[in-house]
There are 2 protein chains.
Amino acid sequence: MKFEAITIKDVAKALKLSISTVSKALRGSHEISEETKRQVLEYAREHNYKPNPIAQSLKRGRSKSIGVIVCNIDNNFFSQVINGIESVARQKDYNVIITQSQESYEREIANSAHLSSRSVDGLIISLSAETKNVDHLIQLHDKGLPIVFFDRVTDRIATHQVVADNQKGAYEGTLHLLKQGFRRIAHITSSSSLSITQERLEGYKKALTDAGLKPDARHIKFCQHGGMIPEETRQALTELVDLSDRPDAILTASDRLSTTTLSLLHQMKIKVPQEMALVGFTNSISAEIFSPSLTAIIQPALEMGQLTTDLLIRLIEARRPVTQFQKQVLQTQLIVRESSMRRTL
Amino acid sequence: MKFEAITIKDVAKALKLSISTVSKALRGSHEISEETKRQVLEYAREHNYKPNPIAQSLKRGRSKSIGVIVCNIDNNFFSQVINGIESVARQKDYNVIITQSQESYEREIANSAHLSSRSVDGLIISLSAETKNVDHLIQLHDKGLPIVFFDRVTDRIATHQVVADNQKGAYEGTLHLLKQGFRRIAHITSSSSLSITQERLEGYKKALTDAGLKPDARHIKFCQHGGMIPEETRQALTELVDLSDRPDAILTASDRLSTTTLSLLHQMKIKVPQEMALVGFTNSISAEIFSPSLTAIIQPALEMGQLTTDLLIRLIEARRPVTQFQKQVLQTQLIVRESSMRRTL
DNA sequence: TAGCTGGTCGCAAACGTTTTCGTAAAAAAA
DNA sequence: TTTTTTTACGAAAACGTTTGCGACCAGCTA
């Protein structure tokens, strides 16, 4: 199977011009007469000439593609972010190559190596739950690969970051539960090494403290694999439920954790919100039709993707080394629904 | 910003060998002595030499990447298919470039053109709801680009197809509703031009006919945009609800249609399943925690992605033109939950 | 007339590989 | 020893572009 395309050489031969003349004409060089340009452009259009992007990449040393590493595509938050990435990338004529780490450190390393060897011009990444060490990214960054982080970021690499205001989001979610009268509020969160985990945890603690409550370590459960292993979440929830002073509400820190927790509560026949209220970070488009409808802390996922990509492309196309880096912080939104109501609506 | 990598030339210079010797040594050619090979391999490993894939692509005329066009990534069915695609592609060392048509014919054309100009070695596609004409794909296929269809297929191009047994799936879903005692069963489906729409419609009709009921055209609603425009689904549902002999059950034909319909029923304060039962084609991982939990016809999405990719790669790597094409039909699975129960569980 | 200037265009190198072919030296056969 | 074969390597072309530079010609100036 061969896919034969017309090349610049064919155009040159047909028009009895040199290859370089054709090339310059196509790029509108001033060295070429208007008449010749017209001929070339016309012939190219008629015969549907498209420059071979691979040859261009080789020549220019840029591939016009960006790599993306997310933990999982099968998740509304990330798929929405990717929608944002794609929209900006397409508009600026970049390709997007998406890979999934599945929350695995190994796969994150493999993916980043693979992407860089595929000559992406830049990398967008949200760290995996297992990742504690970012040396693999530091190496790439030191070699000159532009990187922008979103969501799960690290300060060990000097570059742009795009995040939600996680602390505030968690604070508001917790505050809402407090206002509803819940007092023993637990927190199921992701790997403790993640930036989002730390920030959300702080917001959670701060809300409790501000309300005169003391955060209880037994009420805080970490899922090192970010909920990719269901058993992990089950374990965390079971421990909470078995506590002598069982919590009356839970704040979950991620999309997958939220849906898994709700699902497990169903299985355990624990009534939500009567026996256990729930507020979760989630961008699930179905949160409204959950049973009960789920009070959600929503991140502006689309915007995050767009902003991240915009920053990355600026980095890629910068003429001189960039030394000033931004940390963009976007606001979350709390949508109150049944799962956090003191009395069912 | 430049990303400097070590090239074969650097290796040659360092070892005082010619470029061709190094190249052959790296590929384990028999015409290079064991000693030289050892040296080259060692040096390459130590200095982390990676062949430049762009140069290789240019030389070989293959890019080791495959393009994917789906209507939407933000959807469990497609994201699971993509998981399948990715797993096989990665294993065979292919890159995957994912694009979304958003159910738009225009975008499908633009994406296919873009992907082919980006020199993908093959294309995986599930047609958009708006697509009635596949000339753009025929052109690419005629030029020699291997294509494999999944889910929403067309017979106008002679190539492999991977689909679910849509007719049987719809038949079983409808039959289940009938067995539960529902008699006025409506069907909300996608664009009538889609293969899946036709097949599911047939299954639905056959189940009714086999039960001695006559399919009623007023009970069948098409959404030309596949539910991407919420208003479209609302319109369809409203018309059904306003019928003098209002249906007592609905079979929805796609992931998005199912969740949207359930959501709209909530908004309309129509009790499910008491006033309106619901069975839907969906791969949503949250169907179990919907309110009520949603009876689902599940497609083996992961397998579909894997099979599709396997077939495509075989096509790409075929030494001689392939003339025998397969239509792989995978079985669906019906998961009965509350939304289709005559009496709530 | 001789020298300059602009305007057009082509030559050739370069990007990093792979691969065909040629060739020197070493080994084997005569 | 001479001839043939084998072994091990290098030169160069090719993939499709882009681009610096030189060549050529017309028209102009002095």
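Side chains included, hydrogens not; waters and symmetry mates left out as well; all remaining heavy atoms used. Below, chain A is the first sequence line, B the second, and so on; all start at residue 1.
- In summary, Arg45(B) and Glu42(B) do not engage in a salt bridge, as defined by a charged side-chain N under 4.0 Å from a carboxylate O.
- For DNA chain C, the neighbouring residues in residues 46-55 of chain B, judged by any heavy atom under 4.0 Å, are Tyr49(B), Lys50(B), Pro51(B), Asn52(B), Ala55(B).
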Between the protein and nucleotides 11-13 of chain C, which nitrogen or oxygen pairs are less than 3.5 angstrom apart?
| residue | atom | partner | partner atom | Å |
| --- | --- | --- | --- | --- |
| dC11(C) | N4 | Ser20(A) | OG | 2.7 |

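- Of the side-chain N and O atoms in Ser23(A), none sit less than 4.0 angstrom from OP1 or OP2 of dT19(D).
- In this structure, Arg152(A) pairs ionically with Glu103(A), as a charged nitrogen and a carboxylate oxygen lie closer than 4.0 Å.
- Looking at which nucleotide of DNA chain C each of Ser33(A) and Ile8(B) is closest to, the 5′-most match is held by Ser33(A).
- A donor-acceptor contact closer than 3.5 angstrom is absent between the side chains of Ser20(B) and Ser23(B).
- When the nucleotides dC15(C), dT18(D), dT17(C) are ranked by their closest atom to the side chain of Lys9(B), dC15(C) comes out on top.
- Axis deviation across the helix from dT1(C)-dA30(D) to dA30(C)-dT1(D) amounts to 70°, comparing end segments of five pairs, rounded to 10 degrees.
- For the residue pair His160(B) / Gln328(B), no side-chain donor-acceptor distance below 3.5 Å is found, with atom types taken as modelled.
- Side-chain N or O atoms of Asp151(A) include none that pairs as donor or acceptor with a backbone N or O of Ile196(A) at under 3.5 Å.
- No hydrogens or angles considered: a donor-acceptor pair under 3.5 Å links the side chains of Ser33(B) and Thr36(B).
- For dT18(C), the OP1/OP2 oxygens have a side-chain nitrogen or oxygen of Gln56(B) closer than 4.0 Å.
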